[in-house]
Amino acid sequence: MRLKIKGEITQEQLAKALDEAVKVLESLQPGAKFYGANLYLTPYDTDGDLLTIVDERHHPLVLEITAQSGTIAKPALTAEAQQRRDAVREAKRQRANQLAERDRQELAEYNRKRQIQAVQITKAQIAFGALNELTSKLLASEPQVLVDRFNDAIRVSWHSHEPKEPHGPRKGELKPLPKFSIVDGKLSLFAASWKNPRLLLNPIGNLNSNLIAPVWTHDAWLVAVDSFLRIMRDMGGTIPEEIFGDHLPKGIAAD
């Protein structure tokens, strides 16, 4: 309990404050008593300036009032109180152990996920490089055939799924048909909502951390992307096995 006394500190005020504190304590815990106190007194001189009172070592002066002869400094702890204290201490220890174990498990799980992610990122990087290499190879050998087949796959998927604009002034209307072309020997994709065509290293997607993210994620495009990979397999003979995995857009399989 803390006592805050305003105004000049006199013996009467101190006695009154102690009396009030005893009443409060008795109402909260009948039979309880105060043992020991730290009383901070703030002195001022006659001019109203705050005084700093120090001892011979220039430390803040501390006056210690010892217990009267024949009295106790504090009551002895009963066996019941000791049991309660031990129970509280044990509960704190168990809680600390539980928190430590939780932290250990969380750290282990974090490290496990980081390791998995590191492996996935490496796989995605390898797959992205293989897709880019295969795309460059096919563009060098049969560029127009490759682009025409990609565009045919888009038309088939658009006709089958009829993707609609989800919002904006054209909400509910059929999405414009995107189209591949070749620009300076590179694969280019154009959509009506873009100001300029985009050059793509491969038709499947761009590297995004541990994933190869497609240009769009609606069903019509993802089905088309699956067809792009099958077309590349048909024209390239085989596709490197490292291309396949969870890093590919959803729905793309190795078969």
Side-chain angles (χ1 to χ4, degrees), residues 1-127 207-213 217 245-248 250:
M1 176 185 289
R2 295 178 59 190
L3 279 176
K4 297 183 69 175
I5 307 174
K6 296 183 179 180
E8 182 182 356
I9 303 302
T10 64
Q11 292 181 355
E12 291 78 10
Q13 273 193 306
L14 285 176
K16 180 180 178 181
L18 179 59
D19 184 59
E20 292 293 330
V22 169
K23 290 179 180 179
V24 171
L25 180 63
E26 182 65 23
S27 67
L28 296 175
Q29 183 67 50
K33 297 180 180 180
F34 290 113
Y35 288 84
N38 286 314
L39 184 61
Y40 294 89
L41 298 174
T42 308
Y44 288 84
D45 63 17
T46 55
D47 293 327
D49 285 334
L50 185 65
L51 287 176
T52 300
I53 302 178
V54 297
D55 58 20
E56 63 276 5
R57 295 176 297 175
H58 299 285
H59 294 161
L61 182 62
V62 177
L63 295 178
E64 184 172 339
I65 310 300
T66 60
Q68 294 181 1
S69 178
T71 63
I72 58 175
K74 64 177 182 178
L77 199 64
T78 64
E80 182 181 354
Q82 184 63 53
Q83 290 178 353
R84 290 198 302 267
R85 181 175 294 184
D86 292 342
V88 170
R89 186 181 295 112
E90 177 62 18
K92 288 182 178 180
R93 187 189 67 80
Q94 292 183 5
R95 177 59 177 165
N97 289 342
Q98 290 172 355
L99 292 175
E101 177 62 17
R102 185 195 66 183
D103 291 343
R104 186 195 66 78
Q105 292 178 0
E106 289 180 351
L107 179 60
E109 179 65 12
Y110 172 79
N111 290 333
R112 186 187 69 83
K113 290 181 178 179
R114 285 290 300 272
Q115 292 174 354
I116 293 175
Q117 186 180 42
V119 172
Q120 292 175 335
I121 288 175
T122 299
K123 288 182 178 181
Q125 291 171 341
I126 294 173
L207 189 62
N208 181 10
S209 184
N210 61 331
L211 299 173
I212 297 177
T217 57
D246 293 338
H247 45 265
L248 285 179
K250 182 180 178 181

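All residue numbers refer to positions in the sequence shown, counting from 1. These numbers come from a predicted model, not from an experiment.
- By the 6.0 Å contact criterion, CD on Gln94 is enclosed, its count of non-hydrogen atoms from other residues, nucleotides or ligands being greater than 12.
- Taking all atoms of both residues into account, the shortest heavy-atom contact from Pro60 to Asp55 is O-OD2, 4.4 Å.
- The salt bridge (charged side-chain N to carboxylate O under 4.0 Å, His left out) analysis of residues 21-43, with sequence neighbours excluded, yields the pairs Asp19-Lys23.
- Once rounded to the nearest 0.5 Å, the distance linking CG of Leu39 with CG of Leu3 reads 8.5 Å.
- Salt-bridge annotation for Glu12 and Lys16: absent, with no side-chain N of the basic residue lying under 4.0 Å from a carboxylate O of the acidic one.
- In this structure, Ile212 and Ala124 approach most closely via the heavy-atom pair CD1-O, 4.1 Å.
- Arg102 is linked by a side chain to side chain donor-acceptor pair (under 3.5 Å) to nothing, counting only residues two or more places apart in sequence or in another chain.
- Between the CD atom in Gln117 and the OG1 atom in Thr122 there is a gap of 10.5 Å [rounded to 0.5 Å].
- Checked against side chain to side chain contact (heavy atoms under 4.5 Å, CB included), Glu109 has the following partners two or more places apart in sequence or in another chain: Arg112, Lys113.
- Taking each heavy atom of Val24 and Ser27 in turn, the nearest pair found is O-OG, 2.6 Å.
- Taken to the nearest 0.5 Å, the CZ atom of Arg84 stands 8.0 Å off from the CG atom of Leu77.
- Here CG of Leu41 is found 12.5 Å from CG of Leu51. Values are rounded to the nearest 0.5 Å.
- Contact of the Ile9 side chain with the Leu14 side chain is registered, since non-hydrogen atoms from C-beta on lie closer than 4.5 Å.
- Between Asn208 atom CG and Ile121 atom CD1 the span is 10.0 Å, to the nearest 0.5 Å.
- Counting heavy atoms from C-beta on, the side chains of Glu101 and Gln98 never come closer than 4.5 Å.
- Between Arg89 and Asp86, the shortest heavy-atom contact is NH1-OD1, 2.9 Å.
- A donor-acceptor pair is defined here as one N or O able to donate and one able to accept, closer than 3.5 Å; no such pair exists between the side chain of Asp47 and the backbone of Asp49.
- Glu90 places a side-chain heavy atom less than 4.5 Å from the side chain of Arg93.
- Inter-residue side-chain proximity for Arg104 and Leu107 is flagged as unmet; no heavy-atom pair is nearer than 4.5 Å.
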